[in-house]
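For the single chain, residues carry numbers from 1 onward in sequence order. Indexing begins at 1, ligand by ligand and atom by atom, following the structure's order. Predicted, not measured: the structure shown is a model, and the values here were computed from it.
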Amino acid sequence: MSAIEQQRLIVWTIAGSDSGGGAGIQADLLTMHDLGVHGCSVITANTAQNTLGVPAINAVSDEVLQSQLDALLDDLKPAAIKIGLLANAAQVRLVANFLRTLKAAGNRIPVVYDPVAVATSGAQLTEDSTGAAVLTDLLPLCDLITPNSVELAWLARTHVDSAETVLKAARSVRGNHETALLVTGGHLEIEPGTTSDLLCTGHGECASHDWLIGKRVDTRNAHGTGCTLSSAIAALLALGYPLKDACVVANAYVRRGLRLASSDHIGAGPGPVGHCGWPDALKDFPEVLLAGSERAKPFGTFSESGAANFAAEFAQPDSSRLGLYPVVDSVDWVEKLAEEGVRTLQLRIKYPRTDLREQIERAVAIGRRYDVRLFINDYWQLAIECGAYGVHLGQEDLQSADLKAIQAAGLKLGISTHGFFELLYAYQFRPSYLAIGAIYATSTKDMSGQLQGPQKLARMAALLPDYPLVAIGGINCERASVVAACGVGSIAVVTAITEAPDYREAVAQLQAVLESP
Ligand SMILES: Cc1ncc(COP(=O)(O)OP(=O)(O)O)c(N)n1
Ligand SMILES: Cc1ncsc1CCOP(=O)(O)O
Ligand SMILES: [Mg+2]
């Protein structure tokens, strides 16, 4: 392969063919192509179907299924696997054996299983005994399974008709496995006018769940949404997106397809969801439900203690472009950079001494003198007491900090985010700015597993074009113009200034990049 050829990642779909072209293998390959990966197909059944129903399933034999898997493994190794319709328990066991062998050989390939059991038309697509085989053989080998509420009820052998019963059934299906579970909510309406997907992740003490709420798209063209969602997640996992990010981006991809294909007419029945490219509009993305908000009540996740500290809609800064934003660890640096005309600064003290309050007071006084937007990292109580311009908090601080007190004191609030899921989560607080990082590898802080890169940054920034956004992590004078072109109005740096041979020169260069039109 020459240096300019780029290897396209391969994603397999092990699923049924939909002769109507709306779901199954056909939807999967369209999705994978749309998201920039190469899709390979392993057909489990040649379903005869159109937009009105499914006259026949036509499962392939075990030999036919195995031969496709073996052929692909010889030459087209996957970066992720999506599994859809498995027509009977024997197919479940065959695919499970195949995955087990792959894993035993040391392959770490993400597997997403969409347990297709019942078509939107109501047609049963798999044999009854399949469910039990899924739970014992296949589920433990998957990273994520994505049932809709009907499929969840089928797997859990229970009735699912409310937030509470969805959560209970999801927990019973997951059992003690690490497999994450995303229950798609198209069939249930927990909050009027919306769809709610339940995402269960983590394991043991770290198990948690999130509700993803999206505006319901009024369309009958929803055929193939489950297949499209799961293959989009597989494609995104192959591309290196973390699971929660892959789930919210795939959710948006499907809702974009529903919105843009809503007026299509294909067949006499419900037509297929569209495959309409990367989701770049915030309106297609779900909102992440916050436990402290009133809205969480019908979902059973409302917590009185969370609500006591909860606030949203923080004071906006005087400009949505905060410009060059050095993050420094001493009052001396605050003063030197204020003297250079830097207008946004953060005091980030990770090893506090006994005179922490005094340091913050001095920094605040300098900030006032030079008209600097001075943010204090972590120490929100001292920031309030000393009258700082604002506070910068990490995701984990959002549970413990008293957001009501920060808001009541009129302080601005900046929140760190690392990817799409956290961006959507933090946006629910409507902070004064959202920071996105780490853009590049950095020696200042361990950010392994949280690197975004400029393409992802640009995709995130496109969702909030007018919102104050700050990029941070590994940014230096050479990289600053690429980062600024991603659509952020501010760049936060530590070492690009504190370790520069001439910090004045670094400030001037970085400011020039941010101020150029
Ligand atoms: C502008 C900006 N963005 C991100 C961070 C990181 O904050 P946090 O997640 O709280 O981590 P620590 O800085 O506390 O290690 C930041 N400080 N500033
Ligand atoms: C505090 C922080 N948060 C995310 S990356 C980072 C460090 C940025 O430092 P540098 O600009 O030296 O890479
Ligand atoms: Mg912090």
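- Using a distance-only test at 3.5 Å, with no hydrogens or angles considered, no donor-acceptor pair links the side chain of Ser319 to the main chain of Leu322.
- Atoms of ligand 2 lying under 4.0 Å from at least one heavy atom of Arg348, given by number and element, are 1 (C).
- The closest approach between a heavy atom of Ala496 and any atom of ligand 2 is not below 4.0 Å.
- Atoms of ligand 1 found under 4.0 Å from any heavy atom of Arg348, numbered from 1 in the order shown, are 12 (P), 13 (O), 15 (O), 17 (N).
- Per-residue contacts place Thr442 under 4.0 angstrom from the following atoms of ligand 2 (heavy atoms of the residue considered): 7 (C), 8 (C), 9 (O), 10 (P), 12 (O), 13 (O).
- Taking the six-membered ring for Trp and thresholds of 30 and 60 degrees, Tyr253 and His275 have ring planes inclined between 30 and 60 degrees apart.
- Looking at ligand 2, you'll find an N or O of Thr444 within less than 3.5 Å of one of its N or O atoms.
- Checking only distances, Ile475 never comes within under 3.5 Å of ligand 2, N or O to N or O.
- Counting heavy atoms from C-beta outward, Tyr389 and Pro317 have side chains that approach closer than 4.5 Å.
- For atom 5 (C) of ligand 1, the nearest protein heavy atom (residue, atom name, distance) is His392 NE2, 3.2 Å.
- Taking the six-membered ring for Trp and thresholds of 30 and 60 degrees, Phe375 and Tyr325 have ring planes inclined between 30 and 60 degrees apart.
- Annotation for ligand 1: atoms under 4.0 Å from non-hydrogen atoms of Gln346 are 1 (C), 2 (C), 16 (C), 17 (N), 18 (N).
- Arg256 places a side-chain N or O within donor-acceptor distance of the main-chain N or O of Cys276, the cut-off being under 3.5 Å.
- Under a cutoff of 6.0 Å and an axis angle of 45°, Arg255 and Phe285 do not form a cation-pi pair.
- Distance alone, capped at 3.5 Å, is enough to place a donor-acceptor pair between the Gln452 side chain and the Gln450 backbone.
- Taking the six-membered ring where the residue is Trp, Trp211 and Phe299 present tilted rings, their angle falling between 30° and 60°.
- Results of the side chain to side chain contact (heavy atoms under 4.5 Å, CB included) test with Pro326 over Leu345, Val507, Thr344 single out Leu345 as the only residue that passes.
- The shell of residues lying under 4.0 angstrom from ligand 2, judged by heavy atoms, excludes Gln450.
- Classification of the Tyr467-Tyr427 ring pair by plane angle, with boundaries at 30° and 60°, yields perpendicular.
- For ligand 2, the polar-atom distance check against Ser443 finds no nitrogen or oxygen pair separated by under 3.5 Å.
- Heavy atoms of Lys445 found under 4.0 angstrom from ligand 1 belong exclusively to the side chain.
- Nearest non-hydrogen protein atom to atom 2 (C) of ligand 2 is Ile472 CD1, 3.7 Å.
- Residue Val493 has at least one heavy-atom neighbour below 4.0 Å for each of these atoms of ligand 2: 11 (O).
- Looking at ligand 1, you'll find an N or O of Asn377 within less than 3.5 Å of one of its N or O atoms.
- Of the polar atoms of Val494, at least one N or O is found under 3.5 Å from an N or O of ligand 2, judged by distance alone.
- The atom name of the N/O/S atom in Asp378 closest to the Mg ion (ligand 3) is OD1.
- For atom 5 (S) of ligand 2, the nearest non-hydrogen atom of the protein is Gly473 CA, 3.7 Å.
- Judged by the shortest distance from any of its heavy atoms, Val327 lies outside the 4.0 Å radius around the atoms of ligand 2.
- Heavy-atom contacts of Lys350 reach the following atoms of ligand 1: 12 (P), 14 (O), 15 (O) (cutoff under 4.0 Å).
- Geometric assessment of Lys336 against the ring of Tyr503 yields a positive cation-pi assignment under the 6.0 Å and 45° thresholds.
- Close contacts of ligand 1 with Asp378, meaning ligand atoms under 4.0 Å from a residue heavy atom, involve 10 (O), 14 (O).
- At under 3.5 Å, a nitrogen or oxygen of Thr495, whether backbone or side chain, sits near a nitrogen or oxygen of ligand 2.
- Remark: Lys215 NZ is loosely packed, at most 12 non-hydrogen atoms of other residues, nucleotides or ligands lying under 6.0 Å away.
- The protein non-hydrogen atom at the shortest distance from atom 1 (C) of ligand 1 is Tyr325 CE2, 3.6 Å.
- The main-chain N or O of Leu403 is never found under 3.5 Å from a side-chain atom of Gln407 such that the two would form a donor-acceptor pair.
- Relative ring orientation between Phe429 and Tyr425 is described as perpendicular, the plane-to-plane angle rising above 60° on a 0-90° scale split at 30° and 60°.
- Within ligand 1, the atoms closer than 4.0 Å to a non-hydrogen atom of Gly394 are 8 (P), 9 (O), 10 (O), numbered from 1 in the order shown.
- Counting protein heavy atoms only, atom 6 (C) of ligand 1 is closest to Ser416 OG, 3.2 Å.
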